[in-house]
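Worksheet: the structure to be examined is printed underneath.
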Amino acid sequence: MVAASSFEAAFAALFDAHFRRLFRYLDRLSGEPDLAADLAQEAFVRLYRRGAMPDVPQAWLVTVALNLFRNARASRSRRRSLLGVVRGELTQADPAPAPDAALLASEERSAVRAALDRLPERDRRLLLLRAEGYSYRELAAALRLNEASVGVLLARARRAFRAHCEGWIDAS
Amino acid sequence: MHLDEAQVARLVDGELGAEAIAVQAHLAECADCRARVEAAGREVDWLDRRLQTLDHDPPAVTAAVLARRAAAPRAGWRWRWAAGVALAVGLAGVAWAAPGSPLPGLVRRLTEWASRGSSLATAPVATPDPGRRGDDAGISVRPGAELVIEFGSSPAGGTINVELTDEAEVVVRGPAGAATFTSEEERVVVEREGPPAAFEVRVPHAAPRVEIRAGATRLFLKAGDRITAATPPVAGRYSLTLP
């Protein structure tokens, strides 16, 4: 009983500290807040069912969430290829006329999304995880990288992201 | 000697550790490196602001809610079953359409056999031939920190040939019809059907931990570079016997 309540306390503390940033990471990665919410919750549900804390819980959660994301994307891709559904047809309604500020914000979001999408997958994940404050150790564990190389990879990913944004966004 | 790219990144990210004193001492004397660090810091701030434009509100959920959800009986065997059927149909469609797929020919032969009026009792029983890649079925998964491949314990018999590769994914393959393959988080389950068969498992050298089990018996474990197997390797391959 002591072990169980200890695990539950650790689970609650981990949730408080990391759920929001795991959600935000997945939201930024996928561009789909509903999917990100599902994946973040499912990752924590699986951790609870595991009944014990992994060595690096934050990295474990990221790994599980990324596996779930990959599976969701793969099954959706299968469905799309079988049914011939174009995502945009389902999700994009005619936008209402937007005020200038909203239009600019929307354009900036599109440019940021496009710049992220142009990064190699590893760099995109690295950049987004670091932006959520994950430590180099956690990044290395979650993405199976050598911790000593995380700094250089991050610096290059940031530079590439900025270069992809140039011309779209004021880089000052 | 200026700071290198990695040191600047670690400084900006607060990850310097033991080298912090030396780096700070260098910065106190080097205007060029101070400028690089300031530019790198501005870049991180700029990047954070850009990424914030993508954000949405997180769902209103608590740890207690998720704990209750996790502890509740898994509702959905019907859903799982239905999802399994849907997945099987989808995969069959993909397999049908795949170049070189044996499925169209198989169905054609089945149709021809049925139209000849043969009885089930006299129908020829296909013998799985592991050498024929076209008749293989299987699954490939990218291994995370750990992966367990579980072979169902019934029926007894059959072999697993394990080979280490430089590929990125773990591949589990067997003769079509010999098993069903399902993938879960950190787990691949092989439910054996029909007569004993030869399976093939390809394990990436880079996979941190891969274990192969049959029921409660561990047949193979790769933990880092260390391998423990029920039988020694021959020509780099492990031939395991399924209990």
Side-chain angles (χ1 to χ4, degrees), chain A residues 8 11-12 14-16 19-20 23-24 27-28 31 33 36-37 40-41 44-49 54 59-60 63-64 66-68 70-71 75 78-79 81-82 105 108-109 112-113 115-116 127-128 130-131 135-136 141 144 148-152 154-156 158-159 161-162 165 169 171-172, chain B residues 4-17 40 42-44 46-72 74 83 86-87 89-91 93-94 97 141-147 168 183-186 206-208:
Chain A
E8 292 193 358
F11 177 81
L14 191 70
F15 178 89
D16 290 344
F19 179 78
R20 291 173 70 93
F23 162 76
R24 199 160 43 219
D27 185 19
R28 290 174 175 181
Q41 291 177 66
F44 272 90
V45 164
R46 292 191 180 202
L47 175 62
Y48 190 90
R49 285 190 183 136
W60 188 93
T63 302
V64 169
L66 286 177
N67 285 340
L68 293 168
R70 193 186 62 233
N71 292 345
S75 60
R78 270 198 301 274
R79 276 201 305 275
S81 65
L82 287 170
E108 182 174 6
R109 271 197 302 276
V112 170
R113 169 63 51 203
L116 277 177
L127 206 65
L128 293 177
R130 180 60 210 175
S135 70
Y136 281 19
R144 276 177 281 150
S149 64
V150 167
V152 168
L154 260 176
R156 291 175 187 169
R158 285 167 176 151
R159 204 160 48 233
F161 175 80
R162 192 182 180 97
C165 280
I169 298 171
S172 62
Chain B
D4 62 30
E5 191 177 30
Q7 286 173 310
V8 172
R10 287 199 295 273
L11 177 61
V12 169
D13 290 327
E15 294 267 355
L16 271 179
R42 282 197 302 274
E43 187 165 72
V44 170
W46 178 86
L47 174 66
D48 284 343
R49 287 197 303 277
R50 300 289 82 75
L51 293 178
Q52 283 166 17
T53 65
L54 302 176
D55 291 344
H56 301 88
D57 290 334
V61 67
T62 64
V65 167
L66 295 185
R68 278 198 299 277
R69 192 184 301 171
R74 299 195 192 193
L87 179 62
V89 169
L91 289 177
V94 171
V141 294
R142 189 173 290 268
E146 56 183 314
L147 179 72
S183 165
E184 300 174 6
E185 166 213 342
E186 297 179 351

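Residue numbering restarts at 1 for every chain, and letters A, B, ... go by the order of the sequence lines.
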Exercise. In terms of heavy-atom pairs under 4.5 Å with chain A, which of B:Leu51, B:Val141, B:Val65, B:Leu47 leads?
Worked result: B:Leu51
Problem set entry | Most chain A-contacting option - heavy-atom pairs closer than 4.5 Å, from B:Ala6, B:Ala40, B:Pro59, B:Gly14 | B:Pro59
Seminar exercise, completed: In this structure, OG1 of A:Thr63 is separated from CD of B:Glu146 (nearest 0.5 Å) by 10.5 Å
Exercise. Between A:Gln41, A:Arg24, A:Arg159, which residue shows the highest count of heavy-atom pairs closer than 4.5 Å to chain B?
Worked result: A:Gln41
Exercise. Do you know which of A:Leu154, A:Leu66, A:Asp27 has the most heavy-atom pairs under 4.5 Å to chain B?
Worked result: A:Asp27
For this session: Under the ring pair (Phe, Tyr, Trp, His ring centres under 6.0 Å) rule, collect the residues that match up with A:Tyr48, sequence neighbours excluded.
Result: A:Phe7, A:Phe11
For this session: Report, as yes or no, whether the 6.0 Å neighbourhood of atom CZ on A:Arg144 holds more than 12 heavy atoms from other residues, nucleotides or ligands.
Result: yes
Exercise. Would a 4.5 Å heavy-atom cut-off, applied to side chains only, mark A:Val152 and B:Asp4 as touching?
Worked result: no
Considering only heavy atoms, which portion of [X] lies under 4.5 Å from any heavy atom of chain B: side chain, backbone, both, or neither?
X	value
A:Leu47	neither
A:Ser135	both
A:Tyr136	both

Problem set entry | Stepwise side chain to side chain contact (heavy atoms under 4.5 Å, CB included) check, B:Glu5 with A:Arg156 | CA-CA 9 Å; B:Glu5 191 177 30; A:Arg156 291 175 187 169; 3.5 Å; yes
Please give me the minimum heavy-atom distance between [X] and [Y], naming the atom from each residue.
X	Y	value
A:Arg49	B:Ala70	NE-O, 3.2 Å
B:Arg10	A:Ala148	NH1-O, 4.3 Å
B:Leu66	A:Phe44	CD1-CB, 3.7 Å
A:Gly151	B:Ala9	O-CB, 3.4 Å

Exercise. So, the side chain of A:Arg130 versus the backbone of B:Asp13: is there a donor-acceptor pair under 3.5 Å, distance only?
Worked result: yes
Exercise. Mind checking what makes side-chain contact (heavy atoms from CB on, under 4.5 Å) contact with B:Asp48, not counting sequence neighbours?
Worked result: A:Ala131, B:Val44, B:Gln52
Problem set entry | Evaluation steps, side chain to side chain contact (heavy atoms under 4.5 Å, CB included), between A:Arg113 and B:Leu54 | CA-CA 8 Å; A:Arg113 169 63 51 203; B:Leu54 302 176; 3.8 Å; yes
Exercise. Between B:Glu15 and chain A, which part of the residue has a heavy atom less than 4.5 Å away: side chain, backbone, both or neither?
Worked result: side chain
Exercise. So what's closer than 4.5 Å to chain A heavy atoms on B:Arg42: side chain, backbone, both or neither?
Worked result: neither
